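Quick note on labels: first sequence line is chain A, next is B, and so on, each numbered from 1. Predicted model only: the values in this text are computed from it and were never measured.
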Protein chains: 2
Amino acid sequence: MSNKHTATIRDIAQIAGVTPGTVSRALNSSTLVKEETKLRILKIAEELDYSPNLAARRLSTGKTFAIGVVVPFFTRPSVSARLDGVVSILSNSQYDLVIHDIASPKQRSIGFQDVLRPERIDGALIISMPIVHEDIYYFNNSKVPIVFIDRKNPDLTDFDSIIIDDVLGGYETTQYLIKLGHRKIGFIGDITEELTKPETDIKKQENPFMFTSSRDRYKGYKKALSEAGIPISPDYYGEGQYGYREARELAFQMLRIDDPPTAIFAASDIQAFGVIRAARRLGLSIPEDLSVIGFDDIQAAELMELTTTRQLLFESGRKGVELLLQAISDDHKEHINITLPTELIIRNTTAPPKV
Amino acid sequence: MSNKHTATIRDIAQIAGVTPGTVSRALNSSTLVKEETKLRILKIAEELDYSPNLAARRLSTGKTFAIGVVVPFFTRPSVSARLDGVVSILSNSQYDLVIHDIASPKQRSIGFQDVLRPERIDGALIISMPIVHEDIYYFNNSKVPIVFIDRKNPDLTDFDSIIIDDVLGGYETTQYLIKLGHRKIGFIGDITEELTKPETDIKKQENPFMFTSSRDRYKGYKKALSEAGIPISPDYYGEGQYGYREARELAFQMLRIDDPPTAIFAASDIQAFGVIRAARRLGLSIPEDLSVIGFDDIQAAELMELTTTRQLLFESGRKGVELLLQAISDDHKEHINITLPTELIIRNTTAPPKV
DNA sequence: TGACATAATGCAAACGGTTGTAATTCAACC
DNA sequence: GGTTGAATTACAACCGTTTGCATTATGTCA
């Protein structure tokens, strides 16, 4: 039923009575080949169930027809929603999507320099990755175009990127709670990740902060409070590792102080879920006793009926990869930074405070 | 700072004063090269920041060093949890992971024959894909090894696969509800997907059912009820498209009949969330008025405190890719079907029925 | 010390495409 | 009918590795 080896361009050439070069041109719909022979070749290719050997084409053209996507844990719903947008575009293109999950610090150190190579990919999409100073060296020296989605470092404006205005988002989210009548508003966010890399201690000094979205959202929070004349209390601030459980414990503590907040703004939906859990454990009902608001609007937010500030996750992936494909074809052009809008989605975890 | 082109094996050879062949052997830690020269070559390679050109290596060896993963919507939490397991293994190997999202029927028709090619991948992992009869033709003719994770079709025992015993899972899940004292137990599951492919109507006749996990879990449900002497009522059965909203509507209807169930077994966690939502909307409190139990134990299940039957999603990905790597190296061997265990996880959405 | 086994390296073909350039065909025109 | 230029096609090098085989260097033993 099947031949020993898959058909090559030479097999087709022999049958068609032409040379491999002509077959190649015919297959790539070059105008340099007569319509008649092109059809003949195409027909033979079809019959032979021919499909071009990617490795050979890659070697020959110097293009890889692959784009690399670097993500941290892609089980995070926000990350996988972004990936979904990337896939939606890429599955209709000739590009392969190769995934690199750089989660552990060990992978990370060899990660970027290993991935950003023209022998491997034509372009890279870096999604929601915390970036340390020494990474930037590799980015600057990258031979392939890079697009950042949810860029975590303000120093990287030299690259294309898709971001949101986290400060504004945090500001508007907090404003909504204030408008509801809350004045005791807690904030629970995630800490700057400390990647332990002893050999770069010095470099780290230059860039001591790895800016996270959480931090920016907190800035917006403070701005909103200030404008409303509400003092900012350290008692109403909780910071820990990213995650459901961590946020739960932080909220648990915050809700047990003497004068607990009547509303909590969590830096992400996942963390908001932790807050909800803690509140329930303390017998508080939501939203009557405590308003909770998140950020992202991941799928589960709808399930939990969580009020949250939506960001266009899917869209960010779509736009990001479009930018990248463009950067791959155009040689030189200006770098583009697209800021996607956010939107408040009101569900059932927020209400005016009890009087 | 950087050379015009990335260093090749020839550059190294020239500097080291040897031939490319020797460099190749040195780099691949062949024993055929003297320790001394090997070290010298390695050092030069390091200095030149050499990294092998994958395309060339692929063309030369005939191996692609890539494995293809075919998934439907990978935003589904259960799918992405499985993928996570795959990645955990692959990121420590020399294999690239290329993702193919075959969701729409259009992509599907060209999908498998396009993907399962030795020029593209060394092996394929097919995860949670509904399979129609005509797909099987491509699987049987595949030149690359295939491993199914969460295989959806009983005809595919000729391939390696990682599955769970859905009948048993459904059985035990239902048994738990019975043990709690429930006798009015509803089931909400998802329907056999109808892939509209007019040209294959005839073939479809031969295999009219596309078996889904949901169906098997329902079998287990029926078995448990029968053994307990509980009659099976069509009023307590709901079937619709997979999804949160669909399940919510089904549950909404089921809970409004004259003698509604006191417990509902949903075929997946996502669907269980829909049931919970419907119950809340009807003013029923959980678990007092209604017990709800799911299946899968996705991350959100913990957040929702959902009682559910856990399957080892991450593990399925891990084991699946291990099987595949093995199949790629061993030429011939028996096909392996691994059945992973399930486990009841009791949280807060189940309780004895009110008396 | 010469013969011989063995270790180390060189040589060159192959993998399957692409593409610049040369060669051929063909039609049109004078 | 020969000339010319455009349209086709052939030719051959090249992309960067790997690998079987030939060759040379090294060491062993009688």
- Item | Over all atoms of both residues, closest heavy-atom pair of L54(B) and D96(B) | CD1-OD2, 4.2 Å
- Task: Between dG10(C), dG17(C), dT17(D), spot the one nearest the side chain of Y50(B), thanks.
- Result: dT17(D)
- Item | Non-hydrogen atoms of G320(A) and I149(A) that approach each other most closely | CA-CD1, 3.9 Å
- Query: What's the CG-C1' distance between L32(B) and dT24(D), to the nearest Å?
  - Reply: 15 Å
- Sub-4.0 Å heavy-atom contacts from residues 53-67 of chain A onto DNA chain C, ordered by number: N53(A), A56(A), R57(A), S60(A), T61(A)
- Message: Side-chain N or O of T19(A) versus OP1/OP2 of dC11(D): is the shortest distance under 4.0 Å?
- Response: no
- Please state how far atom CG in L27(B) lies from atom C1' in dT17(D), giving the value in whole angstrom units. 11 Å
- How large an angle, rounded to 10°, do the end axes of the helix from dT1(C)-dA30(D) to dC30(C)-dG1(D) enclose when each is built from five base pairs? 50°
- Of V23(A) and K34(A), whose closest DNA chain C nucleotide lies nearer the 5' terminus? V23(A)
- Message: Between P on dT9(C) and NZ on K38(B), what's the gap in Å once rounded to a whole number?
- Response: 11 Å
- Task: Would you please classify the geometry between the F139(A) ring and the F148(A) ring as parallel, tilted or perpendicular, with 30° and 60° separating the classes?
- Result: perpendicular
- Please report, rounded to the nearest Å, how far the C1' atom of dT9(D) is from the CD atom of E35(A). 16 Å
- Query: Quick one: do E322(A) and K319(A) make a salt bridge, cutoff under 4.0 Å?
  - Reply: no
- Note on the structure: Taking every heavy atom of D135(B) against every heavy atom of P130(B), the minimum-distance pair comes out as OD2-O, 4.3 Å
- Message: Checking contacts here: which listed nucleotide (dA10(D), dT17(D), dG17(C)) is nearest the side-chain heavy atoms of T8(B)?
- Response: dT17(D)
- Is the backbone N or O of V70(B) less than 3.5 Å from a side-chain atom of H100(B), with the two atoms forming a donor-acceptor pair by type? no
- side chain to side chain contact (heavy atoms under 4.5 Å, CB included) with R151(A): which of T157(A), I131(A), I126(A)? T157(A)
- Message: Can you see if the side chain of S24(B) gets near the phosphate of dT18(D) - specifically, an N or O under 4.0 Å from OP1 or OP2?
- Response: yes
- Under 3.5 Å, side chain of R82(A) to main-chain N/O of S316(A), donor-acceptor pair present? no
- Task: Let me know the distance between CD1 of I9(B) and C1' of dG10(C), rounded to the nearest Å.
- Result: 14 Å
- When the distance from CD of E36(B) to P of dA7(C) is rounded to whole Å, what number comes out? 17 Å
- Query: For DNA chain D, whose closest nucleotide is more 5', that of R25(B) or that of T37(A)?
  - Reply: T37(A)
- Of V33(B) and N28(A), the one whose closest DNA chain C nucleotide lies more 5': V33(B)
- Of R10(A) and T31(A), whose nearest nucleotide on DNA chain D comes first from the 5' end? T31(A)
- Query: What are the two closest non-hydrogen atoms of Y95(A) and D122(A), and how far apart are they?
  - Reply: CE2-OD2, 3.5 Å
